[in-house]
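Notes to accompany the following structure.
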2 protein chains.
Amino acid sequence: MAAEPKPLRADAARNRRKLLDAAAEVFGDRGLDAPLEHIARRAGVSIGTLYAHFPTRQAFVDAIFPERLAVLDRIADESLADPDPWRGFVAFLVGIFTLQAEDHGLNDALARRFPQASELAEVCQRGADHAERIIKRAKESGRLRADFELSDLTALTWAMSQVIRESAATAPDAWRRCLAFVVDGLRAEAAHPIGEL
Amino acid sequence: MAAEPKPLRADAARNRRKLLDAAAEVFGDRGLDAPLEHIARRAGVSIGTLYAHFPTRQAFVDAIFPERLAVLDRIADESLADPDPWRGFVAFLVGIFTLQAEDHGLNDALARRFPQASELAEVCQRGADHAERIIKRAKESGRLRADFELSDLTALTWAMSQVIRESAATAPDAWRRCLAFVVDGLRAEAAHPIGEL
DNA sequence: CTACAAATCGAGGACACCCTCGGGTTCGTG
DNA sequence: CACGAACCCGAGGGTGTCCTCGATTTGTAG
């Protein structure tokens, strides 16, 4: 609960800020596996200083993405506010994947299974809670097929992450087309029993 | 055209065989980025010998996967032989993804954009030709939505590759469920105009 | 069996990235 | 201003992988 355990020294706070900005840029450009040295260099700071502030790569991830993922709360709220539950559901999907498409690093992060105890996992849990409500509402409206589960949304996130990654350079909007096909398969009237494949 | 440019010496032929087998195993277990040293060790051969036979990683890929992907010809034939074009189309999809799910290395290979001049790309071209016919037939039967293109199959391959990769350890059949949703979206009667997202 | 070409071996240089630690620098308080 | 604590620096040791090359072994043709 105590928000600020230590009142960082002025230069330290400045460097921390520069590191976070640099990390966001580098992760965005090169993905989550970018060398930490690149981040230090872009921040104009030594590698030692980087480690002083963020002892692990995960520390960066935890410091950057939860903030960025907070947008998701807003998106979820808007989706739930939409009088049409189905339209809200689809808008939620589009919102998630737009986020992924805009940030190579976030896309990487969402494409993986998280370390169980990360900050990021917690934020995703909150996102999942929202998703659950949105899914439930869309199902009850009779527009979303009844057998769609939260875990299917996870799988869909994985799936789209790869489409986004591979098409980013040549056709940045290709994922929308792909999503359109999937969405058509999620309508209640399109549903066929699963398990015949 | 000349099939055998050089009549390899007996021991060399043996080692080549061992290397190929080892590479197939290692790629299958650890994915396409596995260290070449692992392959040499599993083959019981020195790293120098490995490089003598296969100067690049791509050389391994070209030597292994085309052969493995030849199954696809058979699958495509069966799909075209099916009197029901739609069922053939779906069977073709299931065939592709089953291949990917069975071989971590192949899954990796298909998840990426290929170097343009690789053997693998050529085999995939042949696969694409088959796919084109299967898609055409399914469209003409009126069961497959008219706006589905070959390039959408590529995207679908990317998408499924990530689902397969992430769920392989915990739920090896999860991709079937995911595919079922997509397939329902590919039916002609499920189609809604693309571009409203 | 001999001799030569073909093939093998594995030590080791190159590189990229990780992370630490001791010594120098800067902040900010008294 | 002066001093201690906080902070920054970057050389360098560790690790893992790539790839080469000269010395050695092995297959086989004659």
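Just the heavy atoms: all of them, side chains too, but no hydrogens, waters or symmetry mates, feed the values below. Worth saying up front: this structure is predicted, and the values here are computed from it rather than measured. Protein chains get the first letters and strands the later ones, always in sequence-line order, with residue 1 at the start of each.
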Query raised in the report: According to the interplanar angle, ranging from 0 to 90°, do the rings of A:Trp175 and A:Phe97 count as parallel (below 30°), tilted (30 to 60°) or perpendicular (above 60°)?
Result: perpendicular
**Report entry** Residue B:Ser46, side-chain heavy atoms: nucleotide from C:dG10, C:dA6, C:dG28 that is nearest
**Finding:** C:dG10
Requested in this report: Using a heavy-atom cut-off of under 4.0 Å over every strand shown, decide if B:Arg16 touches base, sugar-phosphate, or nothing.
Outcome: nothing
Query raised in the report: Roughly, in whole Å, what's the span from OH in B:Tyr51 to P in C:dA14?
Result: 17 Å
Query raised in the report: Short question: side chain of B:Asp62, backbone of B:Ala59 - any donor-acceptor pair under 3.5 Å?
Result: no
Query - Nearest-angstrom distance from the residue atom CD of A:Gln58 to P of C:dC19 - result: 13 Å
Report task. By nearest nucleotide on DNA chain C, pick out whichever of A:Ala10 and B:His53 is the more 5' one. Result -> B:His53
**Report entry** Between P of C:dA6 and CG of B:Leu8, the distance in whole Å
**Finding:** 11 Å
Query raised in the report: Between A:Leu8 and A:Val45, is there a shared hydrophobic cluster once you connect ILVMFWY residues whose side-chain heavy atoms come closer than 4.5 Å?
Result: no
Requested in this report: With a 4.0 angstrom cut-off to heavy atoms of chain B, pull out the first and last contacting nucleotide of DNA chain D, in 5'-to-3' order.
Outcome: D:dT17 to D:dT28
Report task. Report the relative orientation of the aromatic rings in B:Phe27 and B:Phe60; use parallel for angles under 30°, tilted for 30 to 60°, perpendicular for over 60°. Result -> perpendicular
**Report entry** Backbone of A:Ala190 reached by a side-chain donor or acceptor of A:Arg145 within 3.5 Å
**Finding:** no
Query raised in the report: Out of C:dA7, C:dC19, C:dC27, which has the shortest distance to the side chain of A:Asp11?
Result: C:dC27
**Report entry** Rounded interatomic separation in angstrom, taking CG from B:Leu19 and P from C:dA7
**Finding:** 13 Å
Report summary line: Side-chain contact check for A:Ile47: nearest option of C:dA7, C:dC19, C:dG28 is C:dC19
